[in-house]
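See below for the structure under consideration.
Residue indices begin at 1 and follow the sequence shown.
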Amino acid sequence: MKITELTLSGILFKALEEFPPGLFSSTKRKGKWHDTAIDEFKSRVKNTALGLHELGIKYGDKVSLHAENSTEWLICDFAIFSIGAVSVPIYTTQHGEQIKYILENSDSKIHIVSNDEMFAETKPLIKDVKNIKTIVSIFGSKHKKLKTLADVEKLGEERNNKNPDLFGKLRKQVKPNDLATLIYTSGTTGLPKGVMLTHNNIASNVIGSLEILPFPDEDFHGKNALSYLPLSHVFERMVDYMYISRGSRIHYIEKIEEIRDDFMEVKPFFMATVPRLLEKIQTGVKVKGQELSGLQKNLYYWAIYLTEKYDPEHPPRGLSALKHKIADFLVYRKIRELFGGKLRGMVSGGAALSPEIFKFMNAIGFVCVQGYGLTETSPVIAAQSPGNMRIGTTGKPLRGIEVKIADDGEIITRGPNVMKGYYKDEHRTEEVLTEDGWFKTGDIGKIDEDGYLYITDRKKSMFKLSTGKYVAPQNIENQIAGSGFIEQVVVIGYQRKFCSALIVPTYDNVLKRLNRDNYMPEKPYSKDEKIRSLIQQEVDKANKLLSPWETVKKFVLLEEPLTIESGELTPTMKVKRPVVLEKFKEEIESMYDEES
């Protein structure tokens, strides 16, 4: 299949026709799983699409979607793109004023929300959004002016009974270069930017990513997939399109805090994730060993130590392979059971996966690959796959995607996956897209002689010390955050003599460690000297792996994690450095008091 002549409607409705009978997907709400069969899904998509058409949504119109992950989210999404309309997904964590801006900037005509709780913050603002003509609540509403999704489906069913050929005609009008979605990236500064992705942008990325899946197509057919990342982000959305294309039954969990139970209930075959979850899993595994004693404890940590030496590109042989088999029998297989017993693999995206976590997940028996990309690239540019598992890299570019390194070290890319531009923002578009189609990623990296892509930092994150040395903070942060006692790190040093850091310890693990010595710290934990001493040891370990000018000379412990709700993180968990620098200005200055 050519990757320049695709529509989402074309590839996904074909997949629906070939989907295995029975369960299509399931959504967990209030602790209970709600199943949807494949025939029900197809029927509801058609009725919702025709219902939106009856409400005035025509070819090219925008429909916003502000809801948690669910089968209903997918139904609305399919319905929107199948009639040539444009979906505008909104993060559930987005603040009211930002939602108002997105609705106005996108020219959305219909606003879909999941329920009144999700609508609460937007309700007082939406009356001023003149372009919104109808508001639809997926799960019902106490507000009389809101329609329900059931109302929309009923309208569509009535239209289908009168004109059964209409849905097919509307689908056929959609072309590969038509706009499929507007995804607003909040970024770390400024107003959100509306990324314009076409049908072909996303569809070509689905096809390209399917080609490098770590297992044969038939292995996915009829198997369970677990979904917890937000569908409002293009990564999980594109991965879900892949699942559907391969006949996998998607299970949307309710709370990340309950994911251990969900693993046991769903028993997934595959999942998409971000490094943070894998880091917590690895930390939990290490801490679990502290509960053991004697020979059992020694064997446990011997097996964990072996993961540090594991190289997926060159699996162990001979005596090393025998040791690995023993470790697998004694320890690794028991760890895998915590994931439901059927999980074979996972893809990690959204941020760099540290070599330590990469080696650990592959060593214990999963095929753990990572990819690289941005919302603007639909999203995957490069990804690892079996045979292309070099440590520290993001693999190689997908078929049809070009990647090269600019003179200043920036990664630039060109291909069918690159966005049309930013909606109503020619200036920002011209800043990142060249006339001949190259997109400037804003990331610094390199390509080795075998074609593997390495990401070293964000271009805007790099800073120069007052000594003239350039520092890439992400590398330092990754080294420090590799500790099981550290949750978050923000490295600072622009125009300073040395690097410092704001550190959020993983207090649960820190307390377990200190409690073993019968020490019980009192709050505020960030001021406790024994906690500080433990974190200092971890920083010292990381410093040994860094160049002299990169080492963190001083740090301040924060009592609470940086969060999306407090405005310190973007919805994709990236640190808003300007916000953090301003909020913790006093703490930062305290580390440089002696500098003057």
Side-chain angles (χ1 to χ4, degrees), residues 8 25 27 29 34 36 41 43-96 98-127 129-157 159 170 179-184 192 194 230-234 236-237 240 252 571:
L8 288 174
S25 66
T27 304
R29 284 193 292 272
H34 296 263
T36 301
F41 180 81
S43 175
R44 293 187 68 186
V45 167
K46 178 191 287 188
N47 290 339
T48 302
L50 293 175
L52 291 173
H53 183 74
E54 287 293 284
L55 291 173
I57 294 300
K58 308 302 180 189
Y59 182 84
D61 284 343
K62 317 298 190 304
V63 179
S64 54
L65 182 52
H66 186 209
E68 306 90 346
N69 285 13
S70 67
T71 301
E72 287 75 14
W73 198 106
L74 268 188
I75 288 169
C76 292
D77 181 43
F78 271 59
I80 293 164
F81 71 61
S82 66
I83 59 174
V86 181
S87 66
V88 184
I90 298 173
Y91 287 101
T92 57
T93 53
Q94 211 103 37
H95 295 299
Q98 285 189 328
I99 295 173
K100 180 174 181 286
Y101 171 80
I102 291 171
L103 295 179
E104 290 177 331
N105 184 262
S106 68
D107 305 311
S108 293
K109 288 188 176 181
I110 289 182
H111 181 51
I112 301 175
V113 296
S114 57
N115 51 40
D116 285 349
E117 184 180 356
M118 189 63 65
F119 185 51
E121 192 175 355
T122 314
K123 183 178 179 293
L125 304 169
I126 205 165
K127 62 180 180 293
V129 184
K130 306 303 180 186
N131 45 284
I132 294 292
K133 305 304 180 186
T134 307
I135 302 172
V136 176
S137 176
I138 293 176
F139 300 114
S141 172
K142 65 182 180 182
H143 303 298
K144 294 181 180 179
K145 291 185 178 180
L146 269 64
K147 292 186 178 297
T148 66
L149 183 60
D151 294 334
V152 177
E153 291 181 61
K154 186 176 180 180
L155 277 175
E157 186 177 15
R159 170 49 59 190
L170 293 174
L179 193 60
T181 189
L182 271 178
I183 300 179
Y184 281 80
L231 281 168
S232 46
H233 190 279
V234 70
E236 182 65 38
R237 190 168 164 197
D240 281 20
Y252 296 108

Seminar exercise, completed: Partner of I138 under side chain to side chain contact (heavy atoms under 4.5 Å, CB included), picked from V113, V152, I112, is I112
Problem set entry | Basic-acidic side-chain contact under 4.0 Å: D116, K123 | no
For this session: Please test I135 against K147 for side chain to side chain contact (heavy atoms under 4.5 Å, CB included), starting from the C-alpha separation and ending with a verdict.
Result: CA-CA 6 Å; I135 302 172; K147 292 186 178 297; over 6 Å; no
Problem set entry | Sidechain N-carboxylate O distance under 4.0 Å for D61, K109 | yes
Exercise. Are R29 and S70 close enough that some pair of their side-chain heavy atoms sits under 4.5 Å apart?
Worked result: yes
Exercise. Between SG of C76 and CZ of R44, what distance do you get to the nearest 0.5 Å?
Worked result: 8.5 Å
For this session: Please tell me if the side chains of L149 and T48 come closer than 4.5 Å, counting only heavy atoms from C-beta onward.
Result: yes
For this session: Report yes if the side chains of S108 and I132 come closer than 4.5 Å at any heavy-atom pair, otherwise no.
Result: yes
Seminar exercise, completed: When every non-hydrogen atom of I183 is compared with those of T181, the smallest separation belongs to CG1-OG1, 3.7 Å
Problem set entry | Heavy-atom pair with the smallest gap, counting every atom of L8 and A180 | CD1-CB, 4.1 Å
Exercise. Salt-bridged, E157 to K46, with N to O below 4.0 Å?
Worked result: no
Exercise. If you measure from NZ on K62 to CG on N105, what distance do you get to the nearest 0.5 Å?
Worked result: 10.0 Å
For this session: Quick one: closest heavy-atom pair of V63 and I57, and the distance?
Result: CG2-CD1, 3.8 Å
Seminar exercise, completed: Heavy atoms of F41 and L74 approach each other most closely as CE1-CB, 4.0 Å
Problem set entry | Spacing of L65 atom CG and L231 atom CG [to the nearest 0.5 Å] | 8.5 Å
Exercise. Is there a donor-acceptor pair closer than 3.5 Å between any side-chain N or O of K133 and the backbone N or O of K130?
Worked result: yes
Seminar exercise, completed: Smallest heavy-atom separation, E153 atom then N47 atom, equals O-CB, 3.5 Å
For this session: Please indicate whether K58 has more than 12 foreign heavy atoms, meaning atoms of other residues, nucleotides or ligands, lying under 6.0 Å from its NZ.
Result: yes
Exercise. Is S82 reaching over with its side chain to a backbone N or O of A79, donor-acceptor style, under 3.5 angstrom?
Worked result: yes
Exercise. Counting only N and O atoms by type, is there a donor-acceptor contact under 3.5 Å from the side chain of N115 to the main-chain atoms of G140?
Worked result: no
For this session: Might you confirm whether atom NZ of K127 has over 12 heavy atoms from other residues, nucleotides or ligands at distances under 6.0 Å?
Result: yes
Exercise. Are S141 and F119 close enough that some pair of their side-chain heavy atoms sits under 4.5 Å apart?
Worked result: no
Exercise. Do L55 and L155 touch side chain to side chain, with heavy atoms closer than 4.5 Å?
Worked result: yes
Exercise. Just how far is it from atom CD1 of I102 to atom CD1 of I90, taken to the nearest 0.5 Å?
Worked result: 5.0 Å
Exercise. Rounded to the nearest 0.5 Å, how far does CH2 of W73 lie from OG of S114?
Worked result: 12.5 Å
Exercise. Under 4.5 Å between any side-chain heavy atoms of V136 and T148, yes or no?
Worked result: no
Problem set entry | Flag for E68-T92: side-chain donor and acceptor within less than 3.5 Å | no
Exercise. With a 4.5 Å heavy-atom cut-off, do L50 and E54 have their side chains touching?
Worked result: no
Exercise. Less than 4.5 Å apart, any side-chain heavy atom of H111 and any of V88?
Worked result: no
Exercise. Is a side-chain N or O of E121 found less than 3.5 angstrom from the main chain of G96, in a donor-acceptor match?
Worked result: yes
Exercise. Between the side chains of S25 and T71, is a donor N or O closer than 3.5 angstrom to an acceptor N or O?
Worked result: yes
Problem set entry | Minimum heavy-atom distance R237-S87, with the two atoms named | NH2-OG, 2.8 Å
Seminar exercise, completed: Interatomic distance, CD1@I110 vs CD1@I80, rounded to 0.5 Å, equals 8.5 Å
For this session: Please confirm whether Y184 and Y91 have ring centers closer than 6.0 angstrom.
Result: no
